[in-house]
Amino acid sequence: MATVEFRQASRIYDPARPPAVSRISLDIADGEFLVLVGPSGCGKSTTLRMLAGLEPVDEGQILIDGQDVTETRARDRDVAMVFQSYALYPNMTARQNMAFALENQKVDKEVIAERVAFATKMLELEDLIDKKPSAMSGGQRQRVAMGRAIVRHPKVFLMDEPLSNLDAKLRVSTRAQIAALQRELGTTTVYVTHDQTEAMTLGDRVCVLKEGILQQVDTPAVLYDDPGNTFVATFIGSPAMTLIEAVTVRDGHAVMGQGHALDLGMSGEQAAKLSGEEVIVGVRPENWEIVGAGKQQPEQAALPLNVELVEHLGSEQYAYCAPVVSEEFPVHVRGQRITVRTPKNAVEMEDTIWVRPVEGGCVFFDPATEINLNYL
């Protein structure tokens, strides 16, 4: 087990273009499970490969257990990597694949046998131990690849999208197995994925990247409830947070609509951080409450929506709605749709519903920087 530290670390492929990874500073605690997440091309796999020693660090430093490993060869860093493609030797059995690296290190045969037996039992590979990869399913191959990493007893586990080649059901079960495995071993783990569901369910903390730049690193709960900027707000969470732009700030209050306006609950402290008289408001699907249906406007101030699509998920459903824009309610929604979570069979397509955010259900962003006002 070990700590990991990135100090202003960058990877620059072409000096004429922006860095693939730009000045990342990140501290990973001993035994922590940290997930790197972001869209394709954001630099998450490059960051992992820099830590593994498979990519050079053009600027800055990387430390493992307080020791600078920036110039250290990959094989001398004492890290073990699990790849997306499994990378098993096709001519070797599962036992031989797991033992191969230890044999190259001239580890005693009894120690190798003991470690392989430990990994085999932990990963439930007893029936596969003498089979070759061609006789295994994708999930079984991935478990062998994890076993090969476990037997090395490394300081740090590195996992580069290890579940992306599995089908949906197997991905869920293997994800649970990885989480249980990490808790049992307590080894510092850095895990790369583009799947934010994986990130939110696996990570002690999640690091969100965009175009090589670290956007926010925090616990899954904080990223979901209090995202640092509009990118994190819309990337984390499925369906995404709705962003309503150009919301008027009147006498220190964020309000929608004219006359009997809908007060969105922005605090005076947040209002004081704004440079203008508008704010971007974010609302999660579960933070809308339906206060009326049909053409008749309810007594309390509410936003009218037309239901365009309903996504049924068994016990609940998501209604994808278009705001009914009028002079009384001028609404500018990024992406043109507002998503509302409702109980089963609560609404149907082409219904009109009236909604308002629940108390404390809004997140407020500065229009100029798109940063959460809580972080300014």
Side-chain angles (χ1 to χ4, degrees), residues 20-21 24 26 28 32-49 51 82-84 142 157-183 189-243 280 282-288 311 313-314 316-318 320 334-335 337-341 361 363 365 370-372 374-375:
V21 175
I24 281 188
L26 182 63
I28 305 171
E32 183 176 16
F33 196 126
L34 182 94
V35 180
L36 300 174
V37 68
S40 297
C42 70
K44 53 189 183 294
S45 289
T46 303
T47 302
L48 194 75
R49 291 172 64 84
L51 176 55
V82 179
F83 295 92
Q84 175 181 349
Q142 195 57 273
F157 283 138
L158 307 179
M159 299 189 181
D160 190 5
E161 302 199 43
L163 308 183
S164 59
N165 289 335
L166 306 182
D167 62 56
K169 184 177 180 180
L170 191 56
R171 192 180 301 133
V172 172
S173 61
T174 309
R175 184 168 70 214
Q177 193 171 36
I178 289 175
L181 178 69
Q182 198 274 339
R183 283 195 300 271
T189 302
V190 184
Y191 185 104
V192 162
T193 180
H194 65 275
D195 184 333
Q196 46 117 341
T197 302
E198 273 182 33
M200 298 292 279
T201 54
L202 282 174
D204 297 322
R205 288 190 302 157
V206 178
C207 174
V208 184
L209 296 172
K210 177 188 177 186
E211 297 176 356
I213 299 171
L214 192 155
Q215 301 294 307
Q216 187 177 4
V217 55
D218 216 315
T219 64
V222 170
L223 291 182
Y224 189 83
D225 295 330
D226 202 23
N229 56 37
T230 57
F231 174 78
V232 177
T234 53
F235 188 80
I236 297 295
S238 181
M241 176 181 279
T242 296
L243 295 179
I280 298 173
V283 186
R284 293 284 181 197
E286 65 274 16
N287 287 336
W288 293 105
E311 184 179 46
L313 298 175
E316 62 184 15
Q317 61 188 26
Y318 288 102
Y320 296 89
R334 189 175 296 185
R337 272 184 173 174
I338 293 176
T339 308
V340 181
R341 189 177 74 182
V363 182
F365 303 91
E370 303 205 353
I371 294 174
N372 186 335
N374 291 335
Y375 293 91

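Starting from 1, each residue takes its place in the sequence as its number. Side-chain atoms are counted along with the backbone in the values below, which use heavy atoms only and exclude waters and symmetry mates.
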Peer 1: Which pair of non-hydrogen atoms, one from G228 and one from Q216, has the smallest distance, and what is that distance?
Peer 2: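 G228 and Q216 have their closest heavy atoms at N-OE1, 2.5 Å.
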Peer 1: Between V340 and P285, is any pair of side-chain heavy atoms under 4.5 Å apart?
Peer 2: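 A side-chain contact under 4.5 Å is absent here.
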Peer 1: Are Y224 and R284 close enough that some pair of their side-chain heavy atoms sits under 4.5 Å apart?
Peer 2: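 Result yes, sub-4.5 Å side-chain heavy-atom pair found.
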Peer 1: Which atom names give the shortest non-hydrogen contact between T197 and D195, and what distance separates them?
Peer 2: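 Looking at all heavy atoms of both residues, the shortest contact is N-OD1, 2.8 Å.
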Peer 1: Closest heavy-atom contact between L209 and C42?
Peer 2: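 Where L209 meets C42 most closely, the heavy atoms are O-CB, 3.7 Å.
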Peer 1: With a 4.0 Å cut-off on N to O distance, would you call R334 and E370 a salt bridge?
Peer 2: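 A salt bridge links R334 with E370.
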Peer 1: Does P227 reach the side chain of I236, with side-chain heavy atoms less than 4.5 Å apart?
Peer 2: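 In short, these two side chains do not touch, never coming nearer than 4.5 Å.
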Peer 1: If you measure from OG1 on T174 to NZ on K169, what distance do you get to the nearest 0.5 Å?
Peer 2: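 That separation rounds to 12.0 Å.
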Peer 1: Find the distance between CD (Q84) and CD (Q142) and round it off to the nearest 0.5 Å.
Peer 2: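 Q84 CD to Q142 CD: 9.0 Å, rounded to 0.5 Å.
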Peer 1: Do you know which of V37, V217, V232, D218 makes side chain to side chain contact (heavy atoms under 4.5 Å, CB included) with V206?
Peer 2: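 Among V37, V217, V232, D218, the one that satisfies the side chain to side chain contact (heavy atoms under 4.5 Å, CB included) with V206 is V37.
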Peer 1: Can you measure from CZ (R175) to OG1 (T193) and round to the nearest 0.5 angstrom?
Peer 2: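 One finds 9.0 Å between CZ of R175 and OG1 of T193.
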Peer 1: Identify the heavy atoms of P220 and G203 that sit nearest to each other, and give their distance.
Peer 2: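 Between these two residues, the closest heavy atoms are CG-O, 3.5 Å.
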Peer 1: So E32 and I28, do their side chains get closer than 4.5 Å, heavy atoms only?
Peer 2: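 Yes. Closest side-chain heavy atoms under 4.5 Å.
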Peer 1: Should K44 and H194 count as side-chain neighbours, where that means a heavy-atom distance under 4.5 Å?
Peer 2: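 The answer is yes; the side chains approach within 4.5 Å.
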Peer 1: Give me the ring orientation class for Y318 and Y320: parallel if the planes are under 30° apart, tilted from 30 to 60°, perpendicular past 60°.
Peer 2: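 Plane angle between 30° and 60°, so tilted.
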Peer 1: So do the side chains of R171 and E198 get within less than 4.5 Å of each other, counting heavy atoms only?
Peer 2: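 Yes, at least one pair of side-chain atoms sits under 4.5 Å.
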Peer 1: Using 0.5 Å steps for rounding, measure from the CZ atom of F365 to the CZ atom of F231.
Peer 2: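 Here the rounded value is 12.5 Å.
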Peer 1: To the closest 0.5 Å, what do you measure between OG1 (T47) and CD1 (I24)?
Peer 2: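 Between atom OG1 of T47 and atom CD1 of I24 there are 4.0 Å.
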Peer 1: Identify the two heavy atoms, one from T234 and one from A240, that lie closest to each other, and give their separation to 0.1 Å.
Peer 2: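 Heavy atoms only, the tightest pair is O-CB, 3.3 Å.
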Peer 1: Please lay out, stage by stage, how L223 and V208 fare under the test side-chain contact (heavy atoms from CB on, under 4.5 Å).
Peer 2: CA-CA 9 Å; L223 291 182; V208 184; 4.0 Å; yes
Peer 1: Holding to ring-ring contact (aromatic ring centres under 6.0 Å, His included), I want the full list of residues that pass it with Y191, two or more places apart in sequence or in another chain.
Peer 2: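 ring-ring contact (aromatic ring centres under 6.0 Å, His included) check on Y191 returns F33.
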Peer 1: If you measure from CG on L48 to CG on L34, what distance do you get to the nearest 0.5 Å?
Peer 2: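 That separation rounds to 10.0 Å.
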Peer 1: Measure across E161 and S45 and return the closest heavy-atom pair with its distance rounded to 0.1 Å.
Peer 2: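 Smallest interatomic distance, heavy atoms only, reads OE2-OG, 4.4 Å.
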Peer 1: Do F157 and V190 touch side chain to side chain, with heavy atoms closer than 4.5 Å?
Peer 2: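 They are not in contact (no side-chain heavy atoms under 4.5 Å apart), so the answer is no.
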Peer 1: Going by side chain to side chain contact (heavy atoms under 4.5 Å, CB included), V192 matches just one of T46, D160, V35, L158. Which one?
Peer 2: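 Exactly one option meets the side chain to side chain contact (heavy atoms under 4.5 Å, CB included) with V192, and it is D160.
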Peer 1: Side chains of N229 and N372: do they bring a donor and an acceptor to under 3.5 Å?
Peer 2: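 No, no side-chain donor-acceptor pair sits under 3.5 Å.
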Peer 1: Please step through side-chain contact (heavy atoms from CB on, under 4.5 Å) for the pair Q317 and E311, ending with a clear verdict.
Peer 2: CA-CA 5 Å; Q317 61 188 26; E311 184 179 46; over 6 Å; no
Peer 1: If you define the side chain from C-beta out and look only at heavy atoms, does anything of L163 sit under 4.5 Å from I178?
Peer 2: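 L163 vs I178: side chains touch.
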